[in-house]
2 protein chains.
Amino acid sequence: MKNVEKINQIAVFKALADPVRLEIVEYLKQTNHEVTCGEVGKAIDISKTSGSYHFKLLQEAGLINARKEAREKYVSLNQKTFNNYVTNFYKNI
Amino acid sequence: MKNVEKINQIAVFKALADPVRLEIVEYLKQTNHEVTCGEVGKAIDISKTSGSYHFKLLQEAGLINARKEAREKYVSLNQKTFNNYVTNFYKNI
DNA sequence: TAGATAGTTCAAAATATTTTGAACTATTTT
DNA sequence: AAAATAGTTCAAAATATTTTGAACTATCTA
């Protein structure tokens, strides 16, 4: 694995190594379409500050797509990143 | 995902979310047979204390098989865990 | 326009993880 | 038997991550 990839790889695993973020990911997988951060936050019962922090980490890891529309931020899973860094991890190292 | 699985899932991602442990895993993947902790530690240049700590976390996550033979501890990757918790993660959540 | 809503940012406090060295057990070598 | 080797354990120190609340920006609603 090259060095830059390794940094991404670690960001991805770190992002997934947390119960709150895992709940976010589960929620996004099962809704299977764009939803607002607020909707997710309410569903899994976390404060908006906490949500903001966790969504940021997921986004920085490339695990979610985010789009700001006016007041609201819409998020969805980035399946490409899951595929590259999770599903194909073992194969690629 | 059930609750017990979630704990394992997080232990697995936590274990993989560290540069030292990722190096260990890379080393074990490419050697592709049992090696001692000492050999790995020398190869990636970490202290034995540090090695002991990191091997313990990998083992607790179920990512490595370990076998003590007299003074030495032989380790290898547990492909089943990689398969269940990494490769099939996205599919299973 | 005032108030409500969605989300971000900041810094402090709380927690968790990692590193380090010394002391230890067990085994092997000289 | 003494010294060397492989690895573990422990506690302290160093770092990193997470949570919290207050203050903030921007947009929407009444």
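Per chain, numbering begins at 1; letters A, B, ... match sequence-line order. What you are looking at is a predicted structure, and each value in this text was computed from that prediction instead of being measured.
Between A/Asp18 and A/Val20, the shortest heavy-atom contact is OD1-N, 2.9 Å. Here the closest heavy-atom approach between residue A/Leu22 and residue A/Leu16 is recorded as CD1-O, 3.5 Å. For A/Arg21 against A/Leu57, the heavy-atom pair with the smallest separation is NH1-CD1, 3.4 Å. Considering all non-hydrogen atoms of both residues, A/Phe89 and B/Phe82 come closest at CE2-CE2, 3.8 Å.
Across the interface with DNA chain C, nearest-nucleotide mapping of B/His54 and B/Lys48 shows B/His54 to be the residue nearer the 5′ end.
Note: CD1 (B/Ile7) to C1' (C/dA16) measures 16 Å, nearest angstrom. Put simply, CG on A/Leu57 is 17 Å from P on C/dA16, counting in whole angstrom units. Across the protein-nucleic acid pair, B/Glu69 atom CD and C/dA26 atom P stand 18 Å apart, rounded to whole Å. To the nearest angstrom, P of C/dA6 lies 15 Å from NZ of A/Lys73. We find that CD of A/Glu34 is positioned 17 Å from P of C/dA6, with the value rounded to whole Å. Distance B/Phe55 CZ to D/dT8 C1': 13 Å, rounded to the nearest Å. Atom-to-atom, CG of A/Asp18 to P of C/dT15 comes out at 16 Å; the value is rounded to the nearest Å. Atoms CD1 (A/Ile10) and P (D/dA16) sit 13 Å apart, rounded to a whole Å.
Between D/dT9 and B/Lys56, no contact under 4.0 Å exists linking OP1 or OP2 to a side-chain N or O.
Note on A/Lys14: only backbone sugar-phosphate atoms sit closer than 4.0 angstrom, heavy atoms only; bases stay farther off. Note on B/Ile46: nothing from the nucleic acid sits closer than 4.0 angstrom, heavy atoms only. At the heavy-atom level, A/Ser47 lies nowhere under 4.0 Å from the strands shown. A/Tyr53 comes within 4.0 angstrom of a base, heavy atoms only.
Counting only heavy atoms from C-beta on, A/Arg21 has its side chain closest to D/dT18 among C/dT19, D/dT18, D/dG7. Among D/dT20, D/dG7, C/dG21, the nucleotide with an atom closest to any side-chain atom of B/Lys68 is D/dG7. Of all nucleotides listed (C/dG7, C/dT27, D/dG7), D/dG7 comes nearest to the side chain of B/Thr36. Proximity note for A/Thr49 (side chain, C-beta onward) versus D/dA22, C/dA22, C/dT19: the nearest is D/dA22.
The main-chain N or O of A/Gly62 is found under 3.5 Å from a side-chain atom of A/Thr81 such that the two form a donor-acceptor pair.
A donor-acceptor contact under 3.5 angstrom links the side-chain atoms of B/Arg71 to the base of D/dT5.
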